[in-house]
Amino acid sequence: MDEEQRDMKAHKAYYQRVDFVSNSLQGIPQLCPCGSITKEIVDEEDTYDYLPGKRYFICKDFENDGLHYRQPWVIGVQEEVERLKLKVLRHENLLRECEALKVKKEKERMIPSYDPNDTEAGLKLLEDLTTNAEAIQEQVLHQILSQNCETQYLQAFLDGESDKNQQSFKNKVPVVNYDDIKPFIQRIADGESSDIVSSQPITELLTSSGTSAGKPKLMPSTAEELERKTFFYSMLVPVMNKYVNGLDEGKGMYLLFIKPEIKTHSGLMARPVLTSYYKSQHFRNRPFNKYNVYTSPDQTILCQDSKQSMYCQLLCGLVQRSHVLRVGAVFASAFLRAVKFLEDHYKELCADIRTGTVTSWITEPACRDSVLSVLQGPNQELADEIEAECAEKSWEGILRRLWPKAKYVEVIVTGSMAQYIPTLEFYSGGLPLVSTMYASSECYFGINLNPLCDPSDVSYTLLPNMAYFEFLPVDDKSHEEIHFASHSNTDDDDDDDALKEDLIVDLVNVEVGRYYEIVITTFTGLYRYRVGDILKVAGFHNKAPQFRFVQRRNVVLSIDTDKTSEEDLLNAVTQAKLNHLQKPSCPLLAEYTSYADTSSIPGHYVLFWELKPRHNNEPPELENKTMELCCSEVEDCLDYVYRRCRNKDKSIGPLEIRVVSLGTFDLLMDFCVSQGSSVNQYKTPRCVKPGGALEILDSRVIGRFFSQRVPQWQPLGLDS
């Protein structure tokens, strides 16, 4: 035992000596190899009148026998500084890793991940998001400000770290429209740094629909935003699964298109939002989702030639008709354009199915190869079945007849798209019309949690993690901003702006039945930006409000003091259709737009109508009396100010309907696309201005009809 203890003591002494030696060789020595502590001394013999003596770290029991430590002071300090620098560097790296982990966790909270194949998990996530809407909105704003408080734009209003709170943000950052932020975005497009508006690199610029605000606008976007959109799309799946069973047993025939990009001076690509997503790796390398399989190969969707893309996608959809469980496009207008294209090309499509080949004018190699892989050889029986259906005299119910297993038609039919509902119902054969989402180039907003509802009842539940949402109250009728009377005559613009911003409410504080204009703050560099959409609060799902899309702000007709909104015009046209175009002999109203004609005195409203026969493609028979009644019906349904101008002031002339030939609105779309609009995002303009669009419409007029009576009007109060 004594020998073992002696051995252990010897080992201990050895390891202590190693530790002493190691310690003495690292920075400022604390111990000498002999085990004694070290001290700091000054060698007086090395002192000069102009230089103090040399300093040393020395063992307190120093003997000059080679077993004790005596190190120059400067060497020890230098080594200590180097050691501390390494220690600080390690701590800095650790802090950076912690900050990156914090950002990752915040991002995961803002963009939760789940398996889209797990319906229950998706529905639970939706419940969590809508239940905690207020807290999530606060987190969203905090994250946006934390990331972007050092940007040039926000530094002009906020004082860095001290202003990263909701109240300072609302008090100091102004509400803006596109003209206010256009110079900042243009600088990025011209090559300046992204940190003008965003701490994250701007990877592309998204162009808005040309018909939404007259011309394309440029919106900044980042790589992370594509992840947010992918999450948004994934949330549509569990909602549809909740209401429609068996969607994993077939495919969707969705007609999706891209548009060529524009390269800016900075090298950034400017492209429509849907083109951005379809060309991204998030779409092209998307994981398999059994609930969301398309009939269209990616190569046909990504084809630059929209006509070739349309043909190939329809061909693939027809070949796989027995597997199609849902059909659709983004907007109703695009889907109806596809139906018209099918009507014009079904014989050629059937010929390709019959022979197992692709027509010669499809020249895009990737399209040809992908379609041939779908065709898999001739199919005489299928071609005959399709051709027999398409050759029927009437195309009523053609969608259900061509795709008998289809459960619904997925297209946006809210806002201005609502006027396509009768035509869609004619073709759909009773299939539900489903509007699943509300989105724009600026931001993806919300989803329809009751997708099988009547199109007139569609409302969208805003997802609180997509952006920070605020709402500017607008008048229920005029949809103009609300101001208090006491400020209505003030000359102080700053007071008006302050009042306007005081009226803005948060997401969870909107009131049911009220109208608002949506204001967004995004992760990509838009701060308190007025999108221009007017929404009506339809209700709440948990703590998240549900909105009905009403219209785009400032889309109006005006001759005198009248201001006719897009919604008012749609309602009036719809009423005229219901009252005067319902007979079997009457044509369908396929499309319409309007124009304020001031070339005569007084000026008058002009409606351009494209009428389609119900059973053939011959020019419609136009009865003067029916069309004149339509003119009068529209006027009767317009608002109080319009009817006063017509009846009492005589400042507006009789309303005119100009019927244009079939295909006119296809030419109008082609023209708008050539001017920069996106095929995917194109919406027929409900009001045109003098120029190319009006020239196209006027050149194809086949009938002109005027209202034959003035609308009724009764004075209200002092207005008489």
Query raised in the report: Side chains of Arg284 and Leu302: does their closest heavy-atom pair fall under 4.5 Å?
Result: yes
Query raised in the report: Below 4.0 angstrom, N of the basic side chain to O of the carboxylate: do Glu225 and Lys229 qualify?
Result: no
Query raised in the report: How close do Asn448 and Val239 get, heavy atom to heavy atom, and via which atoms?
Result: O-CG1, 3.5 Å
Query raised in the report: How long is the gap from CG on Leu226 to NE2 on His282, to the nearest 0.5 Å?
Result: 5.0 Å
Query raised in the report: What residues, two or more places apart in sequence or in another chain, satisfy side chain to side chain donor-acceptor pair (under 3.5 Å) together with Asn245?
Result: none
Query - Side-chain donor or acceptor of Gln186 paired with backbone N/O of Lys182 under 3.5 Å - result: no
Requested in this report: Among Tyr460, Phe232, Phe231, find the residue that satisfies the ring-ring contact (aromatic ring centres under 6.0 Å, His included) test when tested with Tyr444.
Outcome: Phe232
Query - Carboxylate-amine/guanidinium contact Glu566 Lys683, below 4.0 Å - result: no
Requested in this report: Measure from NZ or CZ of Lys307 to the centre of the six-membered ring of Trp361 and say whether it is under 6.0 Å with the direction within 45° of the ring axis.
Outcome: yes
Query raised in the report: Could you give the distance from OG (Ser266) to CD1 (Ile202), rounded to the nearest 0.5 Å?
Result: 10.0 Å
**Report entry** Spacing of Asp305 atom CG and Thr300 atom OG1 [to the nearest 0.5 Å]
**Finding:** 12.5 Å
Query raised in the report: Does any non-hydrogen side-chain atom of Leu315 lie less than 4.5 Å from one of Ile362?
Result: no
Report task. Show your reasoning for whether salt bridge (Lys or Arg N to Asp or Glu O under 4.0 Å) applies to Glu343 and Lys612. Result -> CA-CA 13 Å; Glu343 195 171 358; Lys612 176 183 174 61; 3.5 Å; yes
**Report entry** Over 12 non-hydrogen atoms of neighbours within 6.0 angstrom of CD in Glu120
**Finding:** no
Requested in this report: Taking the side chain as every heavy atom from C-beta outward, state whether Ile301 and Ser309 have any atom pair closer than 4.5 Å.
Outcome: no
Query raised in the report: Shortest non-hydrogen contact from Ser194 to Ile188?
Result: O-CD1, 4.1 Å
Requested in this report: Give, for atom CG of Asn465 and atom OG1 of Thr130, the distance between the pair rounded to the nearest 0.5 Å.
Outcome: 10.5 Å
Query raised in the report: Given Tyr254, which of Tyr408, Tyr294, Tyr233 fulfils the ring-ring contact (aromatic ring centres under 6.0 Å, His included) condition?
Result: Tyr294
Query raised in the report: Does the side-chain contact (heavy atoms from CB on, under 4.5 Å) test come out yes or no for Asn450 and Gln546, once each step is laid out?
Result: CA-CA 11 Å; Asn450 185 19; Gln546 298 175 307; over 6 Å; no
Query - Approximate separation, where rounding is to 0.5 Å, of Thr295 OG1 and Leu255 CG - result: 7.5 Å
Requested in this report: Evaluate the side-chain proximity of Asp457 to Arg548: yes if any heavy-atom separation is below 4.5 Å, no if none is.
Outcome: yes
Query raised in the report: Is a donor on one side and an acceptor on the other found under 3.5 Å between the side chain of Arg530 and the backbone of Tyr178?
Result: no
Query - Electrostatic pair Glu127-Lys124, nearest N-O below 4.0 angstrom - result: no
Query - Row check, Phe283 ring normal vs Arg286 NZ/CZ: under 6.0 Å, within 45° - result: yes
Requested in this report: State which residues pass salt bridge (Lys or Arg N to Asp or Glu O under 4.0 Å) with Arg337; sequence neighbours excluded, sorted by chain then number.
Outcome: Asp666, Asp670
**Report entry** Side chain Ser221, main chain Glu204, donor-acceptor under 3.5 Å
**Finding:** no
Query raised in the report: Is there a side-chain contact between Gln299 and Arg368, using heavy atoms and a 4.5 Å cut-off?
Result: no
Report task. Would you check if the side chain of Gln137 reaches a backbone N or O of Ala467 as a donor-acceptor pair within less than 3.5 Å? Result -> yes
Requested in this report: Let me see the working for Thr684 and Met669 under side-chain contact (heavy atoms from CB on, under 4.5 Å), right down to the final yes or no.
Outcome: CA-CA 7 Å; Thr684 301; Met669 191 189 84; over 6 Å; no
Query raised in the report: Does Lys279 NZ have over 12 foreign heavy atoms under 6.0 Å away?
Result: yes
Query - Gln308 (side chain) donor-acceptor with Glu364 (main chain) under 3.5 angstrom - result: yes
Query raised in the report: Would you find a donor on one side and an acceptor on the other, under 3.5 Å apart, between the side chain of Glu348 and the backbone of Thr359?
Result: no
**Report entry** Minimal non-hydrogen separation, Leu507 against Ala133, with atom names
**Finding:** CD2-CB, 4.5 Å
Query raised in the report: Between Tyr682 (side chain) and Ser333 (backbone), is there a donor-acceptor pair under 3.5 Å?
Result: no
Query raised in the report: Can you check whether Leu570 reaches Gln551 side chain to side chain, under 4.5 Å on heavy atoms?
Result: no
Query - Rounded distance (nearest 0.5 Å) linking atom OG of Ser113 with atom CD of Glu227 - result: 10.5 Å
Query raised in the report: If you measure from the Lys or Arg side-chain nitrogens to the Asp or Glu carboxylate oxygens, is any gap between Arg354 and Glu387 under 4.0 Å?
Result: yes
Query raised in the report: Where is the tightest heavy-atom contact between Leu462 and Ala544, given as atom of each residue plus distance?
Result: O-CB, 3.9 Å
Requested in this report: Using a 4.5 Å cut-off on heavy atoms from C-beta on, say whether the side chain of Leu402 contacts that of Cys390.
Outcome: yes
Query raised in the report: Hey, is the main chain of Leu526 close enough, under 3.5 Å, to the side chain of Thr522 for a donor-acceptor pair?
Result: yes
**Report entry** Under 3.5 Å donor-acceptor, Tyr243 side chain and Leu449 backbone
**Finding:** yes
**Report entry** Test of ring centre spacing under 6.0 Å for Phe547 and Tyr438
**Finding:** no
**Report entry** Student check: side-chain heavy atoms of Ile447 and Leu126 closer than 4.5 Å
**Finding:** yes
Query raised in the report: Counting only N and O atoms by type, is there a donor-acceptor contact under 3.5 Å from the side chain of Lys405 to the main-chain atoms of Ser322?
Result: yes
Requested in this report: Could you point out which residue of Glu389, Glu392, Glu396 forms a salt bridge (Lys or Arg N to Asp or Glu O under 4.0 Å) with Arg401?
Outcome: Glu389
Report summary line: Exactly one candidate in Thr222, Asn148, Thr151 meets side-chain hydrogen bond (donor to acceptor under 3.5 Å, both in side chains) with Ser199; the answer is Asn148
Query raised in the report: What is the minimum heavy-atom distance between Thr521 and Ile144, and which atoms define it?
Result: O-CD1, 3.5 Å
**Report entry** Exercise: identify the closest heavy-atom pair between Phe445 and Met466
**Finding:** O-CG, 4.3 Å
